[in-house]
Amino acid sequence: MIDFYKYHGLGNDFIIIDNREEKIKFEKDTIRALCHRNFGIGADGILLAENSKDFDVKMVIYNSDGSSAEMCGNATRCFAKYLYEKGIIKKKTIHIETLAGEIIPEIQTENDKVMKIKVDMGKPAFDPKAIPCNIECETVKNIKIKIGSAVYDITAMLMGVPHAVIFKDELADSDIIREGKQIEESSFFPLKTNVNFVKILSRSEIILRTWERGAGYTQACGTGSCASVAAGIVNDLLDNRVLVHLRGGDLIIEWDGQNNIYMEGTAKEVFSGKFDFTAITII
Ligand SMILES: N[C@H](CCC[C@H](N)C(=O)O)C(=O)O
(Lines give C-alpha, C1' and ligand atoms only; values in the text may rest on other atoms or scores of the structure.)
Protein backbone atom coordinates (compact mmCIF):
# COMPACT_ATOMS: atom_id res chain seq x y z
CA MET A 1 0.00 0.00 0.00
CA ILE A 2 1.26 3.45 -0.87
CA ASP A 3 0.43 6.46 1.30
CA PHE A 4 -0.53 9.65 -0.45
CA TYR A 5 -1.69 13.16 0.36
CA LYS A 6 -3.75 15.37 -1.85
CA TYR A 7 -3.09 19.12 -1.84
CA HIS A 8 -4.32 21.91 -4.08
CA GLY A 9 -3.07 25.37 -4.93
CA LEU A 10 -6.14 27.40 -5.95
CA GLY A 11 -7.81 24.25 -7.27
CA ASN A 12 -4.75 23.03 -9.21
CA ASP A 13 -4.55 19.66 -7.45
CA PHE A 14 -1.79 17.15 -6.84
CA ILE A 15 -1.28 13.69 -5.37
CA ILE A 16 1.88 13.87 -3.25
CA ILE A 17 3.94 10.79 -2.38
CA ASP A 18 7.08 10.40 -0.28
CA ASN A 19 9.48 8.48 -2.54
CA ARG A 20 12.71 9.17 -0.66
CA GLU A 21 13.36 5.43 -0.47
CA GLU A 22 12.87 5.35 -4.27
CA LYS A 23 10.68 2.29 -4.19
CA ILE A 24 8.07 3.69 -6.56
CA LYS A 25 8.43 3.84 -10.31
CA PHE A 26 5.38 5.02 -12.19
CA GLU A 27 4.41 3.98 -15.70
CA LYS A 28 2.51 6.54 -17.80
CA ASP A 29 -0.67 4.46 -17.61
CA THR A 30 -0.55 4.34 -13.81
CA ILE A 31 -0.15 8.11 -13.58
CA ARG A 32 -3.10 8.66 -15.92
CA ALA A 33 -5.19 6.19 -13.92
CA LEU A 34 -4.37 7.75 -10.54
CA CYS A 35 -5.12 11.27 -11.85
CA HIS A 36 -8.36 10.22 -13.55
CA ARG A 37 -11.38 12.08 -12.12
CA ASN A 38 -13.65 9.00 -12.26
CA PHE A 39 -11.44 5.92 -12.21
CA GLY A 40 -8.72 7.25 -9.92
CA ILE A 41 -7.99 9.65 -7.06
CA GLY A 42 -8.37 12.63 -9.40
CA ALA A 43 -5.65 15.26 -9.84
CA ASP A 44 -3.92 17.54 -12.35
CA GLY A 45 -0.62 15.90 -11.49
CA ILE A 46 1.51 13.73 -9.20
CA LEU A 47 4.46 14.96 -7.13
CA LEU A 48 7.14 12.67 -5.75
CA ALA A 49 9.47 13.79 -2.95
CA GLU A 50 12.91 12.28 -3.65
CA ASN A 51 16.39 12.72 -2.23
CA SER A 52 18.63 15.36 -3.81
CA LYS A 53 22.43 15.46 -3.84
CA ASP A 54 22.81 19.23 -3.83
CA PHE A 55 19.53 20.57 -2.43
CA ASP A 56 17.15 19.84 0.47
CA VAL A 57 14.87 17.65 -1.63
CA LYS A 58 13.92 16.85 -5.22
CA MET A 59 10.41 17.43 -6.65
CA VAL A 60 9.49 15.03 -9.46
CA ILE A 61 6.41 16.24 -11.37
CA TYR A 62 4.03 14.33 -13.64
CA ASN A 63 1.07 15.82 -15.54
CA SER A 64 -2.29 14.04 -15.55
CA ASP A 65 -1.65 12.71 -19.09
CA GLY A 66 1.43 10.86 -17.81
CA SER A 67 4.01 13.29 -19.25
CA SER A 68 6.74 14.73 -17.07
CA ALA A 69 6.91 18.48 -16.27
CA GLU A 70 10.14 20.33 -15.49
CA MET A 71 8.46 22.75 -13.07
CA CYS A 72 5.11 23.74 -11.64
CA GLY A 73 4.33 26.84 -9.58
CA ASN A 74 1.21 25.70 -7.74
CA ALA A 75 2.85 22.35 -7.10
CA THR A 76 5.80 24.12 -5.47
CA ARG A 77 3.54 25.84 -2.91
CA CYS A 78 1.73 22.55 -2.20
CA PHE A 79 4.99 20.62 -1.99
CA ALA A 80 6.63 23.15 0.36
CA LYS A 81 3.62 23.14 2.68
CA TYR A 82 3.57 19.32 2.65
CA LEU A 83 7.30 19.06 3.45
CA TYR A 84 6.96 21.53 6.32
CA GLU A 85 3.70 20.21 7.79
CA LYS A 86 4.77 16.57 7.66
CA GLY A 87 8.13 17.42 9.25
CA ILE A 88 10.11 16.16 6.24
CA ILE A 89 11.96 19.49 6.10
CA LYS A 90 12.14 21.56 9.26
CA LYS A 91 13.23 24.87 7.65
CA LYS A 92 10.99 27.66 6.33
CA THR A 93 13.18 28.37 3.32
CA ILE A 94 13.46 25.21 1.27
CA HIS A 95 15.84 24.57 -1.61
CA ILE A 96 14.11 22.28 -4.09
CA GLU A 97 15.74 20.54 -7.05
CA THR A 98 13.55 20.45 -10.17
CA LEU A 99 14.29 19.67 -13.82
CA ALA A 100 14.14 23.46 -14.33
CA GLY A 101 16.85 24.10 -11.71
CA GLU A 102 16.65 25.28 -8.11
CA ILE A 103 13.32 26.67 -6.87
CA ILE A 104 13.11 28.29 -3.43
CA PRO A 105 9.79 28.46 -1.56
CA GLU A 106 9.57 30.33 1.72
CA ILE A 107 6.91 29.29 4.22
CA GLN A 108 5.08 32.16 5.92
CA THR A 109 3.48 31.24 9.26
CA GLU A 110 1.23 32.80 11.90
CA ASN A 111 1.23 31.02 15.28
CA ASP A 112 3.06 28.15 13.56
CA LYS A 113 0.23 27.71 11.04
CA VAL A 114 1.27 27.92 7.39
CA MET A 115 -0.57 30.91 5.91
CA LYS A 116 1.15 31.55 2.59
CA ILE A 117 4.09 30.42 0.56
CA LYS A 118 6.27 32.87 -1.36
CA VAL A 119 8.34 31.26 -4.10
CA ASP A 120 11.47 32.43 -5.89
CA MET A 121 10.51 31.13 -9.34
CA GLY A 122 13.72 31.96 -11.21
CA LYS A 123 13.95 34.05 -14.39
CA PRO A 124 11.90 33.96 -17.59
CA ALA A 125 13.82 33.31 -20.84
CA PHE A 126 12.34 34.88 -24.00
CA ASP A 127 14.95 33.39 -26.35
CA PRO A 128 13.14 31.10 -28.84
CA LYS A 129 15.84 28.41 -28.46
CA ALA A 130 15.30 28.20 -24.70
CA ILE A 131 11.48 27.85 -24.90
CA PRO A 132 11.75 26.02 -27.45
CA CYS A 133 9.79 27.85 -30.15
CA ASN A 134 10.16 27.80 -33.96
CA ILE A 135 9.62 31.51 -34.57
CA GLU A 136 12.40 33.44 -36.30
CA CYS A 137 13.12 36.29 -33.90
CA GLU A 138 15.48 37.35 -31.11
CA THR A 139 12.89 37.38 -28.34
CA VAL A 140 9.35 36.09 -28.65
CA LYS A 141 7.79 39.40 -27.67
CA ASN A 142 4.51 40.44 -29.28
CA ILE A 143 5.03 38.39 -32.46
CA LYS A 144 2.19 37.66 -34.90
CA ILE A 145 1.60 34.00 -35.65
CA LYS A 146 -1.09 32.24 -37.65
CA ILE A 147 -2.55 28.96 -36.43
CA GLY A 148 -5.35 27.57 -38.60
CA SER A 149 -7.36 30.63 -39.60
CA ALA A 150 -6.60 32.59 -36.42
CA VAL A 151 -3.86 35.19 -35.98
CA TYR A 152 -2.38 35.78 -32.49
CA ASP A 153 0.00 38.35 -31.06
CA ILE A 154 2.10 36.08 -28.91
CA THR A 155 4.70 36.67 -26.20
CA ALA A 156 6.40 33.41 -25.22
CA MET A 157 9.04 32.35 -22.74
CA LEU A 158 10.49 29.50 -20.75
CA MET A 159 9.27 30.06 -17.20
CA GLY A 160 10.52 26.71 -15.94
CA VAL A 161 8.18 25.25 -18.57
CA PRO A 162 7.18 26.70 -21.97
CA HIS A 163 4.50 29.40 -21.90
CA ALA A 164 2.70 31.41 -24.58
CA VAL A 165 0.80 34.54 -23.48
CA ILE A 166 -2.02 36.19 -25.42
CA PHE A 167 -3.76 39.38 -24.27
CA LYS A 168 -7.49 39.20 -24.87
CA ASP A 169 -10.62 41.02 -23.59
CA GLU A 170 -13.07 38.13 -23.90
CA LEU A 171 -12.26 34.98 -21.92
CA ALA A 172 -14.96 32.45 -22.87
CA ASP A 173 -14.22 28.93 -21.58
CA SER A 174 -15.11 27.31 -24.93
CA ASP A 175 -12.56 29.50 -26.80
CA ILE A 176 -9.85 28.83 -24.22
CA ILE A 177 -10.33 25.07 -24.55
CA ARG A 178 -10.42 25.11 -28.38
CA GLU A 179 -7.69 27.69 -29.02
CA GLY A 180 -5.56 26.56 -26.08
CA LYS A 181 -5.33 23.01 -27.43
CA GLN A 182 -4.56 24.24 -30.98
CA ILE A 183 -1.75 26.49 -29.78
CA GLU A 184 -0.40 23.86 -27.34
CA GLU A 185 -0.03 21.38 -30.19
CA SER A 186 1.01 23.79 -32.98
CA SER A 187 4.30 23.22 -34.78
CA PHE A 188 5.63 26.53 -33.39
CA PHE A 189 6.24 24.72 -30.08
CA PRO A 190 8.11 21.43 -30.62
CA LEU A 191 7.80 20.41 -26.96
CA LYS A 192 4.25 21.83 -26.82
CA THR A 193 3.39 24.79 -24.61
CA ASN A 194 1.15 26.04 -21.83
CA VAL A 195 -1.18 28.74 -23.16
CA ASN A 196 -2.27 31.78 -21.13
CA PHE A 197 -5.13 34.10 -22.05
CA VAL A 198 -4.93 37.35 -20.14
CA LYS A 199 -7.44 40.14 -19.63
CA ILE A 200 -5.85 43.29 -18.25
CA LEU A 201 -7.99 45.10 -15.66
CA SER A 202 -5.36 47.72 -14.72
CA ARG A 203 -1.56 47.99 -14.55
CA SER A 204 -1.67 45.95 -11.34
CA GLU A 205 -4.54 43.49 -11.85
CA ILE A 206 -5.29 40.81 -14.44
CA ILE A 207 -7.62 37.88 -15.05
CA LEU A 208 -5.85 34.74 -16.29
CA ARG A 209 -7.12 31.55 -17.87
CA THR A 210 -4.56 28.85 -18.67
CA TRP A 211 -4.74 25.86 -20.95
CA GLU A 212 -1.99 23.60 -19.61
CA ARG A 213 0.30 21.36 -21.57
CA GLY A 214 -0.41 17.81 -20.43
CA ALA A 215 -3.25 18.72 -18.05
CA GLY A 216 -5.81 20.76 -20.04
CA TYR A 217 -7.96 23.59 -18.67
CA THR A 218 -6.97 23.83 -15.00
CA GLN A 219 -8.21 26.04 -12.16
CA ALA A 220 -4.92 27.90 -11.84
CA CYS A 221 -1.34 27.95 -13.07
CA GLY A 222 1.56 29.39 -11.06
CA THR A 223 4.22 29.42 -13.77
CA GLY A 224 1.49 30.76 -16.10
CA SER A 225 0.80 33.62 -13.68
CA CYS A 226 4.50 34.50 -13.62
CA ALA A 227 4.72 34.22 -17.42
CA SER A 228 1.63 36.41 -17.92
CA VAL A 229 2.91 39.14 -15.61
CA ALA A 230 6.37 38.98 -17.21
CA ALA A 231 4.76 39.28 -20.67
CA GLY A 232 2.73 42.27 -19.45
CA ILE A 233 5.84 43.94 -18.06
CA VAL A 234 8.01 43.48 -21.18
CA ASN A 235 5.15 44.83 -23.31
CA ASP A 236 4.75 47.79 -20.88
CA LEU A 237 1.17 46.88 -19.99
CA LEU A 238 1.76 46.06 -16.31
CA ASP A 239 3.65 47.37 -13.26
CA ASN A 240 6.04 45.30 -11.12
CA ARG A 241 3.51 43.90 -8.62
CA VAL A 242 0.34 42.36 -10.00
CA LEU A 243 -2.74 40.69 -8.50
CA VAL A 244 -3.68 37.72 -10.70
CA HIS A 245 -7.27 36.40 -10.58
CA LEU A 246 -7.42 32.73 -11.60
CA ARG A 247 -10.44 30.43 -11.77
CA GLY A 248 -9.55 28.95 -8.35
CA GLY A 249 -8.36 32.09 -6.51
CA ASP A 250 -5.70 34.79 -6.50
CA LEU A 251 -1.90 35.03 -6.62
CA ILE A 252 0.46 37.96 -6.25
CA ILE A 253 3.33 38.10 -8.71
CA GLU A 254 6.30 40.44 -8.46
CA TRP A 255 9.06 41.06 -11.02
CA ASP A 256 11.54 43.89 -11.36
CA GLY A 257 11.91 43.16 -15.09
CA GLN A 258 15.42 41.69 -14.71
CA ASN A 259 15.99 39.35 -11.81
CA ASN A 260 13.97 36.46 -10.41
CA ILE A 261 10.17 36.43 -10.32
CA TYR A 262 8.31 35.92 -7.03
CA MET A 263 4.93 34.25 -6.61
CA GLU A 264 2.90 34.44 -3.41
CA GLY A 265 -0.20 32.42 -2.57
CA THR A 266 -1.83 29.67 -0.55
CA ALA A 267 -1.92 25.87 -0.64
CA LYS A 268 -4.22 23.43 1.13
CA GLU A 269 -4.19 19.78 2.21
CA VAL A 270 -7.56 18.24 1.35
CA PHE A 271 -7.22 14.45 1.61
CA SER A 272 -4.89 11.66 2.56
CA GLY A 273 -5.14 7.95 1.92
CA LYS A 274 -3.60 4.75 0.61
CA PHE A 275 -3.73 2.92 -2.68
CA ASP A 276 -2.74 -0.48 -3.87
CA PHE A 277 -1.03 -0.84 -7.27
CA THR A 278 -3.00 -4.00 -8.03
CA ALA A 279 -6.30 -2.17 -7.52
CA ILE A 280 -5.63 0.62 -10.01
CA THR A 281 -7.93 0.63 -13.04
CA ILE A 282 -5.80 1.19 -16.12
CA ILE A 283 -7.81 3.15 -18.66
N1 LIG B 1 0.14 23.94 -13.07
C2 LIG B 1 1.51 24.28 -13.16
C3 LIG B 1 2.20 24.06 -14.44
C4 LIG B 1 2.42 22.61 -14.72
C5 LIG B 1 3.30 22.43 -15.91
C6 LIG B 1 2.75 21.58 -16.96
N7 LIG B 1 1.41 21.75 -17.36
C8 LIG B 1 3.72 21.50 -18.14
O9 LIG B 1 4.25 22.50 -18.62
O10 LIG B 1 3.93 20.38 -18.58
C11 LIG B 1 1.84 25.57 -12.48
O12 LIG B 1 1.15 25.93 -11.53
O13 LIG B 1 2.83 26.21 -12.81
Side-chain angles (χ1 to χ4, degrees), residues 6-16 28 31-32 35 42-48 59-82 96 98-101 103-105 117-125 130-133 156-165 176-177 180-181 183-186 188-198 208-231 244-253 255 260-268:
K6 198 175 139 176
Y7 277 65
H8 76 79
L10 314 180
N12 192 194
D13 54 349
F14 304 95
I15 298 162
I16 309 184
K28 255 189 167 187
I31 296 163
R32 288 178 45 229
C35 290
D44 292 323
I46 297 185
L47 311 176
L48 301 181
M59 175 167 69
V60 176
I61 312 163
Y62 295 105
N63 286 315
S64 54
D65 73 351
S67 61
S68 133
E70 297 84 348
M71 224 309 261
C72 176
N74 290 325
T76 304
R77 296 197 315 283
C78 293
F79 196 66
K81 193 176 185 199
Y82 158 81
I96 300 178
T98 72
L99 290 175
I103 301 294
I104 314 167
I117 305 98
K118 185 169 179 173
V119 187
D120 175 343
M121 297 281 285
K123 276 191 198 129
I131 299 171
C133 170
M157 75 204 73
L158 182 72
M159 184 66 241
V161 285
H163 277 280
V165 180
I176 288 154
I177 293 166
K181 194 169 162 52
I183 300 167
E184 177 200 1
E185 292 171 352
S186 87
F188 289 111
F189 298 96
L191 296 182
K192 300 191 180 175
T193 185
N194 296 284
V195 188
N196 303 279
F197 297 97
V198 180
L208 168 62
R209 298 289 177 263
T210 303
W211 173 268
E212 277 191 39
R213 175 181 74 163
Y217 192 22
T218 55
Q219 290 290 321
C221 183
T223 49
S225 300
C226 295
S228 300
V229 171
V244 181
H245 301 294
L246 301 125
R247 294 170 86 197
D250 294 346
L251 288 175
I252 290 177
I253 307 295
W255 190 40
N260 292 7
I261 299 196
Y262 289 86
M263 170 193 70
E264 200 179 313
T266 56
K268 197 167 188 281

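In listed order, ligands and their atoms are each counted from 1.
- Relative to the six-membered ring of Tyr217, Arg247 meets both conditions, a distance below 6.0 Å and an angle of at most 45° to the axis.
- In terms of polar-atom proximity, defined here as any N/O pair under 3.5 Å, Phe14 makes no such contact with ligand 1.
- For the pair Cys221 and ligand 1, a heavy-atom separation below 4.0 Å is found.
- Contact annotation for Asn74 and ligand 1: heavy atoms of both the backbone and the side chain come within less than 4.0 Å of the ligand.
- Close approach of ligand 1 to Val161 is summarised as follows: ligand atoms under 4.0 Å from at least one heavy atom of the residue are 9 (O).
- Nearest to atom 4 (C) of ligand 1 among the protein's heavy atoms is Glu212 OE1, 3.4 Å.
- Nearest protein neighbour of atom 12 (O) of ligand 1, counting heavy atoms only, is Gly222 N, 2.6 Å.
- In terms of protein heavy atoms, atom 9 (O) of ligand 1 is closest to Asn194 ND2, 2.7 Å.
- The ligand atoms of ligand 1 that sit less than 4.0 angstrom from a heavy atom of Thr223 are 3 (C), 11 (C), 12 (O), 13 (O).
- The shortest separation from a heavy atom of Met71 to ligand 1 is under 4.0 Å, placing the residue in contact.
- Judged by distance alone, with hydrogens and angles left aside, the side-chain atoms of Thr210 form no donor-acceptor pair with the main-chain N or O of Glu212 at under 3.5 Å.
- Protein heavy atom nearest atom 6 (C) of ligand 1, with residue, atom name and distance: Asn63 OD1, 3.3 Å.
- Residue, atom and distance of the protein heavy atom nearest to atom 7 (N) of ligand 1 are Arg213 O, 2.8 Å.
- In this structure, Lys268 places its NZ atom where only 12 or fewer heavy-atom neighbours from other residues, nucleotides or ligands lie under 6.0 Å away.
- The residue from Ser64, Ala69, Cys72 that puts a heavy atom closest to atom 2 (C) of ligand 1 is Cys72.
- Between Ala215 and ligand 1, a contact under 3.5 Å exists for no N or O pair.
- No side-chain donor from either of Ser64 and Asp44 sits under 3.5 Å from a side-chain acceptor of the other.
- A donor-acceptor contact shorter than 3.5 Å is absent between the side chain of Asp65 and the backbone of Ala215.
- Note on ligand 1: Thr218 sits outside its first shell, no heavy atom being nearer than 4.0 Å.
- Only side-chain heavy atoms of Asn12 come within less than 4.0 Å of ligand 1; its backbone N, CA, C and O stay farther off.
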